[in-house]
2 protein chains.
Amino acid sequence: MSKPSEAPATSPGDVSGEEPGEGIALARLLAMGFRLAITGLHERLAERGWDDVRPPYGFVLLALRTGPSTVTDVAALMGMTKQAASQLVDAMAQSGYLVRTVDESDRRQRALSLSAKGRTLLGAVEEIYAEIEAEWADMAGGDDLRTTRDALTRIVLTANDGALPAVRPTW
Amino acid sequence: MSKPSEAPATSPGDVSGEEPGEGIALARLLAMGFRLAITGLHERLAERGWDDVRPPYGFVLLALRTGPSTVTDVAALMGMTKQAASQLVDAMAQSGYLVRTVDESDRRQRALSLSAKGRTLLGAVEEIYAEIEAEWADMAGGDDLRTTRDALTRIVLTANDGALPAVRPTW
DNA sequence: CTAGATGGTCAAGTGGCTTGACCATCACCG
DNA sequence: CGGTGATGGTCAAGCCACTTGACCATCTAG
């Protein structure tokens, strides 16, 4: 029986096969960065006792920070079918992070809001993201990390006709 | 029945809920960048007739560019169990991209190599990645994209004790 | 020479998605 | 104003990409 493997602390490039001069594929850098950000978040959430939080939850909680949303919005945010978004929202509601209500102005819609517990979790997510980003600023240099943020923002908006693309990794 | 949704071309932030001044969570930027890179790669591969290539294949092909590898290496590269890596390698071999041989120096190991077809696909992957990166350099500015690459490289190595982390998105 | 470690596979199971169908509600057009 | 089409959402079933637990063959180290 084997557990999921993680590259051990050895020389860079040991398992990449990529020419050192040519550099690592950008897609791979983004993949590794994303993986580290999400596993870091969830390890730290677990340390604080939040041990039933799946990777999509952080994105949904952030989306609800400023006001209610709907299953259709969550589907668009994540890049999944409305059925899958409904299942995701069900799971989050069942864990007590979200509340569903009926939208009086459009009774097809069920409005989704953060519960008190959801707000507390959102606070933890934001704190941990800020911690991780501060550490990454130390590693990369604060100016370079800001440049990275700004460059990625321009890229994702331009490549997606001015709108933010969906979040769910293509895999 | 609904298809997976993609955020439509509307104002930035429509579905993010994130405060404009505070910016988009870095994890989300990485998620969107990764998603655009991988969906872009696979759309363009499909345009060239490569329509049975799954997202992990590009990473495996790149890893084999310089020489043979093993199922254990692929498991470490991807961040999955050896069983899953074996299934992945089987699928790639069945599509004709990889060849398995026995390693005479360690007969436990099955060496994995690129087939001729695999080399051709690798060439297409590298061309398309270069196209996408050139477009992204236009969008973000070449210097800023280089800074992004360098910063991400430092971050992923430092955060993972000097080794490149695994590739598979945590989800 | 033997016990433990390692590379890899077998078989079965699980979780997170999709698909196809359906229902309730809203919007728009004639 | 009524009917048709669109939209928000859910039901039920199925699929795919992984994991788990077990096992076999081979290598390593004491």
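Small disclaimer: the values here were computed from a predicted structure and weren't measured. We name chains A, B, ... by the order of the sequence lines, and we start the count at 1 in each one.
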Is any side-chain nitrogen or oxygen of [X] closer than 4.0 Å to OP1 or OP2 of [N]?
X        : N      : answer
B:Thr70  : C:dG7  : no
A:Trp171 : C:dC17 : no
A:Ser86  : D:dG9  : no
B:Thr72  : C:dG8  : yes

Quick one: [X] [atom1] to [N] [atom2], roughly how many Å, whole number?
X        : N      : atom1 : atom2 : result
B:Asp90  : D:dA17 : CG    : P     : 13 Å
B:Gln94  : C:dT9  : CD    : P     : 13 Å
A:Lys82  : C:dA24 : NZ    : P     : 16 Å
A:Met80  : D:dC15 : CE    : C1'   : 16 Å
B:Met92  : D:dA17 : CE    : P     : 13 Å
B:Arg168 : C:dG16 : CZ    : P     : 13 Å

message = What's the closest nucleotide to the side chain of B:Arg54 if the choices are D:dC18, C:dT9, C:dT18?
response =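 Taking heavy atoms from C-beta onward, the closest nucleotide is D:dC18.
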query = What nucleotide among D:dT10, C:dG8, D:dT19 has an atom nearest to a side-chain atom of B:Thr81?
reply =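 The answer is D:dT19, which lies nearest to the side chain.
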Least distance between heavy atoms, [X] atom then [Y] atom:
X       : Y        : value
B:Ile38 : A:Ala27  : CD1-CB, 4.3 Å
B:Thr70 : B:Leu112 : C-CD1, 3.6 Å
B:Ala76 : B:Ala166 : O-CB, 3.7 Å
B:Leu77 : B:Phe59  : CD2-O, 3.7 Å

query = How about B:Arg110: does its CZ atom have over 12 heavy atoms from other parts shown lying under 6.0 Å from it?
reply =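 Incorrect, the count does not exceed 12.
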query = When you match A:Gln87 and B:Ser69 each to their closest nucleotide on DNA chain C, which lands nearer the 5' end?
reply =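 Closer to the 5' end of DNA chain C: B:Ser69.
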request  = Say whether, by atom type as modelled, one donor and one acceptor occur between the side chain of A:Thr148 and the main chain of A:Asp144 under 3.5 angstrom.
outcome  =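 Yes; at least one donor-acceptor contact below 3.5 Å.
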query = Does B:Gln83 make a side-chain donor-acceptor contact with the base of C:dC10, cut-off 3.5 Å?
reply =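 Yes, a donor-acceptor pair under 3.5 Å.
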inquiry  = Does any part of the side chain of A:Met80, heavy atoms only, come nearer than 4.5 Å to the side chain of A:Gln87, both counted from C-beta?
reply    =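 No, their side chains stay 4.5 Å or more apart.
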request  = Go through residues 95-115 of chain A and report each residue with a non-hydrogen atom lying under 4.0 Å from DNA chain D, sorted by number.
outcome  =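 Close to the strand are A:Arg100, A:Arg108, A:Gln109, A:Arg110.
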